[in-house]
Amino acid sequence: MSHLLEIKDLHVTYRGDEAKVYAVNGLDLTLDSGQTLGLVGETGAGKTTTALSIMRLLPERIGIIEKGQITLDGYDITQASDADMRVLRGSLVSMIFQDPMTSLNPIRRVGEQVAEVLELHQKNLSKEDIDKKVDEIFQLVGLPVERKIEYPHQFSGGMRQRIVIAIALACQPKLLLADEPTTALDVTIQAQVLDLMQELKEKLDTATILITHDLGVVAETCDQVAIMYAGEIIEIGTAEDIFEGKDHHPYTTGLFGSIPDLSKKERRLHPIEGMMPDPTNLPSGCKFHTRCPHATAICQQQEPPFIKNGTQGICCHLFADAAGNRGSQEDK
Ligand code: SF4
């Protein structure tokens with residue numbers, strides 16, 4: 001069975017005046033209809049660059065897909081023309097950004113902004129059909145229809161994010177990319193927006209990539225989780241693998257050590273020591289070796305293998321013996 005989204009060996013760089021930034025370095029990923037994947041990692045891990053590559057919205061002449069393939073619903077995104085991408089964006093894939101105010105036009109009524117997407121992508125619809133659809137979409141995302149004539153500044157942060165979701169879902173895309181969609185919202189509104197996204201996923205069977213650094217949000221909403229570090233996926237699995245499994249990449253273990261656990265009487269958190277490596281000058285071997293408490297000589301010299309075990313995959317020398325067979329972190 002072919003996947004809705006298939007990314008193979010994706011390499012993306014940004015060209016600066018002085019140096020090249022290696023933002024995504026050999027990323028492989030698949031996603032099926034209706035699945036929600038949480039893409040987790042620190043700032044600079046390459047999460048947003050991955051999403052912008054799928055949308056083909058990397059900054060012109062600066063962000064370059066150097067290598068690899070992105071196939072979405074049978075379309076080769078890396079080879080599609082700009083004209084094709086304008087059609088595919090909105091109808092096949094949409095993106096929600098962190099701050100709703102940056103996505104909305106402050107001087108246009110919100111109903112018109114939803115209608116504009118329909119006019120662009122569904123040219124056979126009459127004015128009446130579009131009005132009817134706008135009303136349906138407002139109801140779907142829990143916005144009072146009578147408020148469609150208002151402007152973005154007249155809405156609260158949570159309501160504005162609902163409008164952005166309405167715009168993103170207007171043409172029922174098969175894939176939704178949500179980049180920190182709740183970070184700018186307070187906790188109560190955050191829960192409402194996440195519930196809404198969950199409800200819409202069930203109604204419309206939309207696949208979602210949720211970009212976040214918040215493992216709590218991932219636990220609540222995602223069925224697949226990919227952990228990114230320095231432009232690579234270093235661990236991937238079902239939510240159960242990541243949250244309940246005993247074997248983890250040392251970076252994943254570090255991420256979990258950085259969040260408070262109310263069931264334990266710990267006085268201090270255990271943040272990951274050190275900083276993300278300089279993306280213009282990435283370390284050899286395992287890119288995490290400068291921060292990893294388990295690093296050995298081989299980690300500095302050789303890139304770690306990606307070891308699969310059922311639904312989980314971990315990219316680390318700790319899990320491979322000399323024959324490349326899988327070991328357990330507990331055996332080490
Ligand atoms: Fe640590 Fe080595 Fe595994 Fe990298 S490959 S995470 S340095 S043990």
Side-chain angles (χ1 to χ4, degrees), residues 4-5 31 33-34 36 51-52 54-57 70 72-75 77 80-179 181-182 192-211:
L4 173 68
L5 173 70
L31 190 68
S33 297
T36 299
L52 291 175
I54 299 170
M55 291 290 282
R56 275 267 306 276
L57 284 178
I70 303 172
L72 178 59
D73 202 29
Y75 292 94
I77 295 284
S81 67
D82 290 349
D84 286 344
M85 281 315 299
R86 276 195 289 278
V87 176
L88 296 181
R89 271 184 234 118
S91 59
L92 188 56
V93 54
S94 279
M95 188 156 172
I96 303 172
F97 295 91
Q98 183 174 332
D99 180 0
M101 265 327 245
T102 58
S103 320
L104 293 170
N105 184 337
I107 55 165
R108 287 198 75 188
R109 297 175 200 277
V110 294
E112 288 170 4
Q113 299 190 46
V114 178
E116 187 183 18
V117 184
L118 293 165
E119 283 160 10
L120 268 173
H121 292 285
Q122 301 188 359
K123 296 197 188 311
N124 54 338
L125 292 181
S126 66
K127 170 107 185 50
E128 290 71 35
D129 289 341
I130 287 178
D131 279 348
K132 208 165 135 230
K133 276 214 160 212
V134 171
D135 292 357
E136 283 169 13
I137 295 162
F138 265 62
Q139 280 161 0
L140 185 72
V141 298
L143 286 166
V145 171
E146 60 279 10
R147 296 196 64 186
K148 67 181 179 180
I149 52 166
E150 294 181 19
Y151 293 91
H153 73 269
Q154 294 173 281
F155 292 83
S156 65
M159 291 289 239
R160 282 200 286 261
Q161 198 56 303
R162 280 173 191 261
I163 299 163
V164 172
I165 293 173
I167 293 171
L169 293 178
C171 295
Q172 304 204 354
K174 294 191 176 178
L175 175 64
L176 183 64
L177 306 169
D179 190 357
T182 57
Q192 286 174 13
V193 171
L194 289 174
D195 284 349
L196 170 68
M197 287 177 61
Q198 188 72 17
E199 205 183 300
L200 295 174
K201 172 189 130 177
E202 279 154 27
K203 275 191 195 153
L204 307 174
D205 202 30
T206 313
T208 306
I209 294 183
L210 179 65
I211 294 172

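A quick note: this is a predicted structure, and the numbers were derived from the prediction, not measured.
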Visitor: Strictly by side chain to side chain donor-acceptor pair (under 3.5 Å), give each pair with a member in residues 142-165 just once, sequence neighbours left out.
Guide: Asp135-Lys148, Arg147-Glu150
Visitor: Scan residues 82-93 for pairs that pass salt bridge (charged side-chain N to carboxylate O under 4.0 Å, His left out), counting only residues two or more places apart or in two chains.
Guide: Arg56-Asp82
Visitor: Minimum heavy-atom separation for Ile167 and Gln113, please, with both atom names.
Guide: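 Heavy atoms of Ile167 and Gln113 come nearest at CD1-CB, 4.0 Å.
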Visitor: Are any non-hydrogen side-chain atoms of Glu199 and Leu140 less than 4.5 angstrom apart?
Guide: no
Visitor: Can you list everything that forms a side chain to side chain contact (heavy atoms under 4.5 Å, CB included) with Ser103? Sequence neighbours excluded, please.
Guide: Phe97, Val164
Visitor: Around atom CG of Leu57, are there more than 12 heavy atoms of other residues, nucleotides or ligands at under 6.0 Å?
Guide: yes
Visitor: Counting C-beta onward and ignoring hydrogens, is there a side-chain heavy-atom pair between Val117 and Cys171 closer than 4.5 Å?
Guide: yes
Visitor: Could you tell me if the side chain of Val87 sits less than 4.5 Å from the side chain of Leu120, heavy atoms only?
Guide: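 Answer no - side chains too far apart.
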Visitor: How about Leu143 and Val110: do any of their side-chain heavy atoms sit closer than 4.5 Å?
Guide: no
Visitor: Can you find a pair of side-chain heavy atoms, one from Glu116 and one from Glu112, that are under 4.5 Å apart?
Guide: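 Contact flag for Glu116/Glu112 side chains = no.
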Visitor: Check Leu72, Val93, Leu31, Thr206 against Leu4 for a side chain to side chain contact (heavy atoms under 4.5 Å, CB included) and give me the one that passes.
Guide: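 Of the listed options, the one satisfying the test is Leu72.
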Visitor: Decide, yes or no, whether a salt bridge links Lys127 with Asp131 under the criterion of side-chain N to carboxylate O below 4.0 Å.
Guide: yes
Visitor: Tell me which one of His121, Gln172, Lys174, Gln122 satisfies side chain to side chain contact (heavy atoms under 4.5 Å, CB included) with Ser91.
Guide: His121
Visitor: For Pro152 and Pro106, work out which heavy atoms get closest and say how close.
Guide: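 In this case the closest contact between Pro152 and Pro106 is CD-O, 3.9 Å.
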Visitor: From the options Leu169, Asp205, Leu176, Asp195, select the one residue that forms a side chain to side chain contact (heavy atoms under 4.5 Å, CB included) with Leu200.
Guide: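 So, applying the side chain to side chain contact (heavy atoms under 4.5 Å, CB included) to Leu200 and each of Leu169, Asp205, Leu176, Asp195, only Leu169 qualifies.
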